[in-house]
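Computation of the quantities below employed the complete heavy-atom set of this structure, encompassing side-chain atoms and omitting hydrogens, waters and symmetry-equivalent molecules. Labels below follow one simple rule: chain letters A, B, ... track the order of the sequence lines, proteins then strands, and each chain is numbered from 1.
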Amino acid sequence: MDSDTLDKAYDPKKVEKRWYDYWEREHLFAANDYSNKKPFSIVIPPPNVTGVLHMGHAHNNTLQDILCRYRRMQGYNVLWMPGTDHAGIATQNVVENRLAEEGIDRHTLGREKFIERIWEWREKYGRAIIKQLKRLGASCDWDRERFTMDEGLSRAVRTVFVRLYNEGLIYRGDYIINWCTRCQTALSDLEVEHEEHEGNLYYVRYPIDNGSGALIVATTRPETMLGDTAVAVNPNDERYRHLKGKSVLLPLVNRVIPVIFDEYVDVDFGTGVLKVTPAHDPNDFEIGNRHKLASVKVIGEDGRMTEEAGVFKGMDRFECREAVIKALEKEGLIEKVEPYQHSIGHCHRCRTIVEPNLSRQWFVKVKPLAEKAIDAVKRGATRIIPETWNNVYFDWMYNIKDWCISRQIWWGHRIPAWTCKTCGELIVAVKDPAECPGCKGTDLEQEEDVLDTWFSSALWPFSTMGWPDDTQTLRTFYPTSVLITGFDILFFWVARMMMMGLHFMKEVPFRDVYIHALIRDSEGKKMSKSKGNVIDPLHIIDKFGTDALRFTLAAFAVQGRDIRLSENRIEGYRHFINKLWNAARFCLIHLREFKAEGTTKTDKKVLPLPDRWILSRLNRVVEKVISSLDEYKFNDAASTLYQFVWHEFCDWYIECVKIVLYEKEDKTKKQITLNVLWHILHDILCLLHPFIPFVTEEIWQRLPNTKGSIMKADFPVADQGRVDNEAESTMKILMGIINGIRNIRGEMNIPPGLVLKAVVYSEDRNILEIINRYKGIIIHIARLSSLELTSVEKYPEASATAISGSCTIFVPLKGIINFEEEIKRLSKELSKVNKELTGVGKKLVNEDFLKKAPPEIVEKVRGKQKMLVEKKNKLEANLERIQGLA
RNA sequence: AGGCGCGUAGCUCAGGGGGAGAGCGCUACCUUGACACGGUAGAGGUCACGAGUUCAAAUCUCGUCGUGCCUACCA
């Protein structure tokens with residue numbers, strides 16, 4: 001690498017791929033199972049194989065990458081475990097749709113062939129997301145990439161299943177589950193999305209059997225009445241007490257069904273009479289169990305009415321609703337119809353309305369697992385950050401219900417259970433059994449169903465590390481240091497990993513869980529393809545570069561608030577990348593002949609003021625960046641660096657350095673400054689590398705006296721010895737004076753070509769001395785021809801004036817001054833001061849304030865008042881004088 | 001129905017009991033030997049509204065309105 005001049009503008013396209021390939025070639029992302037360095041590990045939230053990178057991925061993985069690069073530079077042995085998820089239903093749907101385009105149905109293809117096709121499809125298209133993660137700069141240890149359907153992970157899944165089964169924590173049974181009539185599978189409660197829906201509440205008359213009158217039942221789903229096996233009332237409901245032991249005649253079906261009494265029924269809802277359909281409603285199912293009612297399934301798996309529905313057989317469930325209403329109306333059994341708003345469950349994959357259906361499925365008894373998971377967070381073994389998510393986590397865990405894990409699809413881990421066709425024995429085993437352990441029969445039939453995708457994801461932190469084998473990877477890297485994810489999968493994934501990790505590893509899967517915001521569009525809506533409001537990260541990367549995107553995402557990553565992304569903001573941060581680039585360009589031009597021996601740290605005493613100042617500032621920044629990153633405050637770290645690089649390093653330090661580098665100063669002085677310049681740039685690059693890896697590597701490679709990749713450099717450490725309050729306050733004085741002069745220039749529209757003289761007056765000799773010592777800096781940056789100092793009040797004629805601290809700055813403008821403008825300017829300033837002064841004054845006449853406020857606050861306000869009064873007097877004097885001249 | 005969060009400059013958002021901030025946009029001036037993806041200066045805010053706590057509230061508490069999300073078996 002040479003340190004020739006950089007291009008005038010940073011072009012990410014020329015840089016990004018080259019350095020990523022280099023990092024991979026040099027194995028810089030590789031974790032070491034045997035290192036005795038401190039471990040730091042993260043498992044990636046595995047994206048779906050079907051997926052393409054969206055902003056959520058970009059955000060999530062940027063944050064992970066920042067931490068991984070940061071910890072590596074701090075000397076940790078970092079493992080970032082990558083991989084993808086087979087995403088059962090989603091993937092199956094995608095491939096099914098592809099096949100449909102070819103006119104092929106999966107059933108004609110058959111199970112084995114169909115699964116083969118999915119594997120083929122995965123090989124061909126499933127790698128897209130990995131490539132895209134690489135474009136993002138993700139420093140995963142790619143040699144360890146895992147897939148939830150890999151041999152090893154599948155073995156983990158089977159092992160877990162078998163153990164839970166043997167422990168009685170997995171069972172099979174007939175229960176009401178959520179059924180998607182389109183996907184043709186059961187769903188867990190989490191996979192159902194509720195949505196408000198305008199419907200009707202139908203009041204239907206159920207004639208009382210062998211008596212007069214009728215019970216009126218309110219329902220939103222009249223079609224399910226065909227499967228009613230009772231009507232229920234609350235035992236405390238006076239209105240219906242007399243119906244004990246009575247029955248009603250179920251209309252249309254003409255089935256006699258009992259009136260039962262159950263506490264569940266809400267007296268205040270509708271008529272206080274509930275129709276009970278155990279086969280199509282979870283609550284009714286419970287009631288049915290309590291009262292030993294029969295279940296009549298009237299809606300089939302395809303969403304059409306079954307044999308049991310009599311004349312309605314074969315109708316679609318929604319058609320049937322209309323038909324039932326019509327039939328009831330005909331018989332005069334509809335009492336009334338009220339509009340009614342209620343929420344309806346939809347399949348989160350295909351939006352079809354979910355049908356609660358009685359079905360034989362496999363379940364995990366999660367209560368005992370959840371207790372351990374609750375406890376782990378309670379006792380702080382795992383921290384959730386930000387803490388507000390604790391409550392959400394606890395709430396869900398406390399109210400957890402058994403998890404339906406069987407899915408009637410083909411793509412996934414097939415349930416390791418077999419039925420012996422000879423004796424009916426159920427065999428659950430890790431390895432495919434050859435014969436029935438009971439009757440030794442060999443005619444075994446494996447369960448058709450596969451497991452919920454999240455069942456395998458729940459094992460991810462340890463299955464990826466080789467479990468159930470006792471591997472060195474597990475010993476070194478489990479539990480992982482932190483999990484970074486969005487709250488949308490807190491229950492789906494985080495909670496379940498907690499449960500499984502604690503149960504099988506006897507240890508939490510992660511020390512910290514950092515829950516980040518969701519990326520939304522400019523209106524605050526969740527980005528989704530169907531809404532068409534996505535901002536494609538790859539498009540952004542092409543347009544602005546990866547670093548600009550990453551820095552934006554980091555700067556936006558505020559805890560507890562969602563991100564509304566806009567291209568404008570990303571563009572703003574591209575400018576920052578370019579600013580850094582150009583600052584480096586300046587440095588490199590001057591560092592061309594920089595010698596290695598100059599890189600040792602110079603003693604503070606011999607350093608010029610600007611150098612002491614920038615080193616002091618740098619060390620404060622280092623401290624702040626480290627503490628921010630340690631607390632997952634990515635935005636604080638990013639904006640601290642932004643502020644420092646742009647508004648301190650570029651705006652002030654480089655300007656000061658120019659004086660030394662461009663004037664004919666002696667060589668040693670130049671060397672000292674170059675030394676500091678090198679140091680600051682060096683540390684800035686290291687501090688920024690985790691956020692913006694590409695541009696920092698590119699500059700690093702051209703910076704003299706660096707070896708290898710910046711990835712292997714040490715992350716800066718704060719050095720309290722470099723913090724220099726005196727230098728900071730002195731610089732503040734100089735900046736104040738420079739700003740005063742600049743203000744005059746700007747406000748008075750003085751041509752920039754015009755070199756000005758200035759006179760600074762102050763009664764404070766110490767201040768004057770300081771200014772005198774550093775007048776070169778002021779002269780240069782404020783572009784003066786000379787700067788005079790005086791402790792005697794003598795007013796240069798026709799001057800514009802500015803006040804800074806105890807100083808009055810005069811800029812003689814004989815012949816150029818616009819008196820009106822100057823009067824306006826001073827008056828404006830004066831009214832500002834007066835306004836502030838009234839505020840301060842009010843406080844200082846307040847007895848309570850003087851008595852009760854902490855003394856240092858009172859002192860501060862007093863000091864401020866004094867300063868303001870001084871400023872006011874000076875302004876008034878200047879104003880008076882200028883008015884006299886006008 | 002419960003729970004959580006948000007309402008601060010034109011826009012996107014930081015801050016979180018004692019000086020209202022940033023980026024973008026806007027106005028004026030400027031091709032100054034790193035950078036016009038730049039520089040300098042400037043305009044712009046009853047920090048949603050109402051009450052309370054406090055010497056002091058954008059900041060804490062309560063309420064109202066608006067807004068977003070999550071959870072839920074009231075048919």
Looking only at side-chain N and O atoms, does [Y] offer a donor or acceptor that is under 3.5 Å from a partner on [X]?
X       : Y       : result
Y573(A) : D547(A) : no
D189(A) : N178(A) : yes
S627(A) : K633(A) : no
Y203(A) : E338(A) : yes

Please determine if a side-chain N or O atom of [X] lies less than 4.0 Å away from the OP1 or OP2 oxygen of [N].
X       : N      : answer
R585(A) : C35(B) : yes
K401(A) : C73(B) : yes
H575(A) : G38(B) : yes
N739(A) : A41(B) : yes
W646(A) : G39(B) : yes

When the distance from [atom1] of [X] to [atom2] of [N] is rounded to whole Å, what number comes out?
X       : N      : atom1 : atom2 : answer
I563(A) : G68(B) : CD1   : C1'   : 15 Å
K828(A) : G42(B) : NZ    : P     : 7 Å
K579(A) : G39(B) : NZ    : P     : 4 Å
K860(A) : G17(B) : NZ    : P     : 14 Å
E196(A) : C74(B) : CD    : P     : 10 Å
N391(A) : G5(B)  : CG    : C1'   : 13 Å
K275(A) : A75(B) : NZ    : P     : 12 Å
W389(A) : C4(B)  : CH2   : P     : 12 Å

Using a 4.0 Å heavy-atom cut-off, does [X] contact any base of the nucleic acid, only the sugar-phosphate backbone, or nothing at all?
X       : result
S639(A) : nothing
C650(A) : base
K851(A) : nothing
E655(A) : base
H280(A) : nothing
Y340(A) : sugar-phosphate
P356(A) : nothing
F491(A) : sugar-phosphate
D266(A) : base
R745(A) : nothing

[N] versus [M] - spacing of their [atom1] atoms, nearest Å:
N      : M      : atom1 : value
A58(B) : C49(B) : P     : 10 Å
C6(B)  : G18(B) : C1'   : 26 Å
A57(B) : A51(B) : P     : 13 Å
A14(B) : A22(B) : C1'   : 7 Å
C70(B) : C62(B) : P     : 25 Å
G19(B) : U31(B) : C1'   : 39 Å
G15(B) : G23(B) : C1'   : 15 Å

[X] (side chain) and [N] (base): donor-acceptor pair under 3.5 Å:
X       : N      : result
R569(A) : U12(B) : yes
Y264(A) : C73(B) : yes
K8(A)   : C35(B) : no

Identify, between E836(A) and N635(A), the residue whose nearest nucleotide on RNA chain B lies closer to the 5' end.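 Closer to the 5' end of RNA chain B: N635(A).
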Please figure out whether I654(A) or N568(A) has its closest RNA chain B nucleotide nearer the 5' end.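 Its nucleotide being nearer the 5' end, the pick is N568(A).
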Just to verify, which of W581(A), F644(A), F551(A), F544(A) counts as forming a ring-ring contact (aromatic ring centres under 6.0 Å, His included) with F576(A)?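 When W581(A), F644(A), F551(A), F544(A) are each tested with F576(A), the ring-ring contact (aromatic ring centres under 6.0 Å, His included) holds only for F551(A).
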One pair to check against ring pair (Phe, Tyr, Trp, His ring centres under 6.0 Å): F691(A) and F634(A). What are the steps and the verdict? CA-CA 9 Å; F691(A) 299 86; F634(A) 298 92; 7.5 Å; no
